[in-house]
Amino acid sequence: MYTCSSLLIKPRYFSSSSSCSCAYRHIQHRCLSFSSTFRSLPRWSHGVDWKSPITFTAQIRNAAPVLNSLHRNLATMASENPFKGILTSLPKPGGGEFGKYYSLPALNDPRIDKLPYSIRILLESAIRNCDNFQVKKEDVEKIIDWENTSPKLAEIPFKPARVLLQDFTGVPAVVDLACMRDAMNKLGSDADKINPLVPVDLVIDHSVQVDVARSENAVQANMELEFQRNKERFAFLKWGSNAFRNMLVVPPGSGIVHQVNLEYLGRVVFNREGLLYPDSVVGTDSHTTMIDGLGVAGWGVGGIEAEATMLGQPMSMVLPGVVGFKLSGKLRNGVTATDLVLTVTQILRKHGVVGKFVEFYGDGMAELSLADRATIANMSPEYGATMGFFPVDHVTLQYLKLTGRSDETVAMIEAYLRANNMFVDYNEPQHEKVYSSCLYLDLADVEPCVSGPKRPHDRVPLKEMKSDWHSCLGNKVGFKGFAVPKDTQEKVVKFSFHGQDAELKHGSVVIAAITSCTNTSNPSVMLGAALVAKKACDLGLHVKPWVKTSLAPGSGVVTKYLLQSGLQEYLNQQGFNIVGYGCTTCIGNSGDLDESVSSAISENDIVAAAVLSGNRNFEGRVHPLTRANYLASPPLVVAYALAGTVDIDFEKEPIGVGKDGKNVYLRDIWPSTEEIAEVVQSSVLPDMFKSTYEAITKGNNMWNQLSVPAAKLYSWDTSSTYIHEPPYFKDMTMDPPGPAGVKDAYCLLNFGDSITTDHISPAGSIHKDSPAAKYLNERGVDRRDFNSYGSRRGNDEIMARGTFANIRIVNKLLNGEVGPKTIHIPTGEKLSVFDAAMKYKSAGQDTIILAGAEYGSGSSRDWAAKGPMLLGVKAVIAKSFERIHRSNLVGMGIVPLCFKAGEDAETLGLTGHEQFTIDLPGKISEIRPGQDVTVRTDTGKSFTCVVRFDTEVELAYFNHGGILPYVIRQLSQQ
């Protein structure tokens with residue numbers, strides 16, 4: 001452990017060797033008792049008056065009596081809070097009190113003063129929820145003693161204050177809740193016990209596609225198409241907002257979930273019936289971490305974990321290490337927050353922060369706006385951390401006021417956090433904090449950059465982009481290679497674009513998208529992009545018409561300040577018309593390219609490029625035809641759109657020729673930091689936030705016209721291709737099935753390293769020749785109405801068929817062939833993954849997956865675990881797993897196993913043509929977290945793996961066949 005206040009580490013870093021140690025512990029099994037009185041909890045829906053977005057006092061006041069009753073009914077199993085003696089009044093400056101709170105200073109424990117701020121939030125939660133049943137006094141002690149317990153991977157329970165959903169992950173969550181109600185009903189229990197116990201906010205933002213671009217009417221046209229495709233899903237979510245209590249649904253067209261969370265939903269401090277406590281949130285989108293920039297502890301979990309949290313289950317988590325990241329200095333003129341976050345991502349990825357918190361501090365914090373901090377926090381998944389946390393300080397308070405939070409609420413937040421030693425005041429002496437390891441960055445060292453062409457942490461300094469691109473063209477196929485033969489690298493393809501002569505070559509930009517909450521929440525880069533567009537217009541430069549340009553703000557506030565500044569018209573002139581308020585291109589909803597462009601790319605094997613201000617650029621994600629995808633700041637997105645290629649050295653080569661016949665360089669259209677600051681100051685106003693969010697839950701005409709039934713149980717439509725009753729609880733009984741061994745299993749897929757959830761989980765468009773397309777065709781769905789996989793996550797039949805359907809997936813069983821196929825080992829047939837899986841299932845044969853390192857990295861997607869389970873996969877044997885994905889596999893009853901250090905399928909001589917038997921004990925009591933198990937093959941080889949059940953709670957889930965059956969059995973017994 002390190003006290004990081006004095007460490008200055010430039011290119012190097014120090015890390016604690018103790019942070020690498022490994023230990024597992026066993027905890028007493030936890031469950032939750034629910035009271036039947038919970039049925040009287042009030043509902044939160046889109047119609048509730050949310051004019052007070054911080055405290056929601058009225059709604060919570062109505063819920064509190066029932067919650068209190070629930071807690072009293074737990075008293076037979078749980079004692080009263082042993083820390084009630086530190087419950088302290090927080091006085092108001094003018095008299096009276098804000099409320100009461102559990103005071104950390106009142107514990108008089110010097111260890112707390114050294115704790116990172118992020119760990120103090122976990123500590124407060126444990127103290128407040130301590131009942132020696134769900135949360136024990138020993139758990140509190142572990143957190144206080146974090147410096148010693150964290151390196152031992154001690155397990156603690158955590159109860160987040162709320163849950164955040166977006167519609168792609170929200171639909172299957174609500175489907176599961178509806179299905180769980182049916183299961184409770186069939187078991188003879190009260191279906192109404194299935195209700196969120198904590199506030200749940202669901203923002204519909206993942207469904208809009210860029211069907212129409214470069215049009216003044218794009219927003220309306222795309223929304224109409226969005227409703228045509230998703231009317232059934234939207235109606236289902238509207239039903240859920242009525243049927244389930246404590247659930248808010250923010251209608252489509254409102255913004256991106258994380259930007260709405262930042263600007264509106266984030267409470268920072270809750271005040272529930274006079275009890276004050278820090279806001280914390282888990283979300284079913286990995287970029288939930290964006291809220292960490294506001295000083296709210298939040299991170300992504302799988303949909304399965306989120307559902308359990310909604311139902312009151314404490315999260316079981318390993319007490320994380322915390323990397324202290326000290327910032328100093330200030331960004332140079334012209335350097336953006338996007339450049340900073342791509343630099344931070346590369347540094348942290350190299351350092352290794354998977355499963356850890358990163359906490360930022362230092363004098364440089366004063367130079368970062370809240371939006372800059374949120375940009376860095378947003379990309380925590382890309383650098384691998386659970387959180388990228390910025391403690392609350394004066395910058396945070398200023399942002400809360402800017403975004404329309406009331407003066408009284410901000411005063412309450414500041415008073416509480418100061419009183420509980422959770423506020424950072426850089427005008428006061430700072431206590432030394434202890435961190436697991438430390439990093440240092442001088443902000444002045446950050447330079448303009450992009451990341452790509454296939455991974456967000458492959459940063460490329462802008463001055464090296466041209467040479468890097470040429471290297472990528474010739475390199476063998478990989479994260480930095482396309483294997484284009486030398487003699488074809490300069491190939492030029494001529495074609496006609498609506499009667500106009502056009503051309504493409506390797507590196508031509510065909511998609512340029514200002515997209516994603518990562519950047520659209522940041523006025524400096526958004527207005528910076530608009531200034532680039534204006535300067536280009538003034539000089540006579542324009543984007544070529546075959547470049548698909550788009551602008552998708554994360555909230556209506558962006559539109560207001562772009563209009564206020566008078567700069568939106570210049571973005572429009574460059575083709576960056578607003579296309580909608582949602583994630584769009586960042587998640588693959590980029591829409592079709594013009595047919596002439598698509599043909600030119602496909603028929604000539606062009607390595608076309610997309611440049612986007614997003615956070616993910618894995619191959620096949622942005623668009624099937626853009627093999628090179630670069631993350632860049634919004635101003636650079638405009639610049640690359642103008643250049644029309646990524647094959648350019650902006651320092652030496654002109655972007656184009658101006659109307660005066662002179663060459664125009666990037667420096668000629670790039671705004672200074674001062675120019676941007678002046679426009680931000682005059683254009684971004686508090687009233688914009690207030691007016692936007694006062695209207696946000698009122699919906700729009702299309703949403704308000706949706707008619708939904710009032711029934712508590714959902715009436716499943718067997719003909720629906722959007723919402724389908726999943727088979728998870730079919731034939732479920734009250735008795736747990738117990739651990740199931742794996743015998744003579746075939747290898748369904750054999751993977752190398754870095755298989756992401758984009759490879760596993762169905763995402764993007766539905767290919768016309770895929771099993772999912774066949775399913776839809778058989779049900780009379782026209783190809784133009786296929787919609788995306790994400791929009792059909794509520795239908796398990798489609799999602800199972802789309803699992804492992806990524807066109808860029810590399811399966812070693814295919815000997816170099818790329819695509820969503822595999823070999824059916826018994827017959828040697830080459831089949832789609834789905835068809836092979838069904839053939840194994842029909843024959844009663846188990847299957848497993850072999851994989852390399854970082855299996856399941858990327859977005860937290862529950863279908864990356866649900867899909868393999870429905871395909872019949874019983875176990876995944878990998879070198880290592882991404883944190884959330886491993887947890888999700890356990891949640892769906894799939895066994896995660898890790899090869900021993902230094903071993904993998906290749907070193908063990910495994911080809912994937914063997915049959916595998918995994919020797920798991922037959923009784924759950926005989927399995928221990930992290931124990932060794934033997935895997936035997938029919939060829940006589942055997943090897944030892946570590947079973948990655950990391951906690952006793954996960955073993956309980958496995959014993960029940962998954963987390964959802966476990967919750968149902970627990971609830972039905974109450």
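Listed by chain and residue number, nothing satisfies the salt bridge (Lys or Arg N to Asp or Glu O under 4.0 Å) test with R969 (two or more places apart in sequence, or in another chain). For F729, there are no ring-ring contact (aromatic ring centres under 6.0 Å, His included) partners, not counting sequence neighbours.
In this structure, P726 and K866 have side chains that are not in contact, with every pair of non-hydrogen atoms separated by 4.5 Å or more. Between F804 and I760, the closest side-chain pair of non-hydrogen atoms falls below 4.5 Å. Inter-residue side-chain proximity for L122 and F158 is flagged as met; some heavy-atom pair is nearer than 4.5 Å. L889 is not listed as a side-chain neighbour of R948, based on a closest heavy-atom distance of 4.5 Å or more.
Heavy atoms of other residues, nucleotides or ligands lying less than 6.0 angstrom from NZ of K774 number 12 at most. For K231, the NZ atom is loosely surrounded, since the number of other residues' heavy atoms within 6.0 Å does not exceed 12.
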Exercise. Evaluate side-chain hydrogen bond (donor to acceptor under 3.5 Å, both in side chains) for S207 paired with R233, printing each intermediate quantity in order.
Key: CA-CA 10 Å; S207 299; R233 296 172 59 246; 2.8 Å; yes
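For Y957 and F949, the ring centers are positioned 6.0 Å apart or more.
Aromatic ring orientation, F236 versus W716: tilted (interplanar angle from 30° to 60°).
Taking the charged nitrogens against the carboxylate oxygens, K142 and E138 have no contact shorter than 4.0 Å, which rules out a salt bridge. In summary, R162 and D279 engage in a salt bridge, as defined by a charged side-chain N under 4.0 Å from a carboxylate O. Using a 4.0 Å cut-off between charged side-chain N and carboxylate O, D139 and K159 make no salt bridge.
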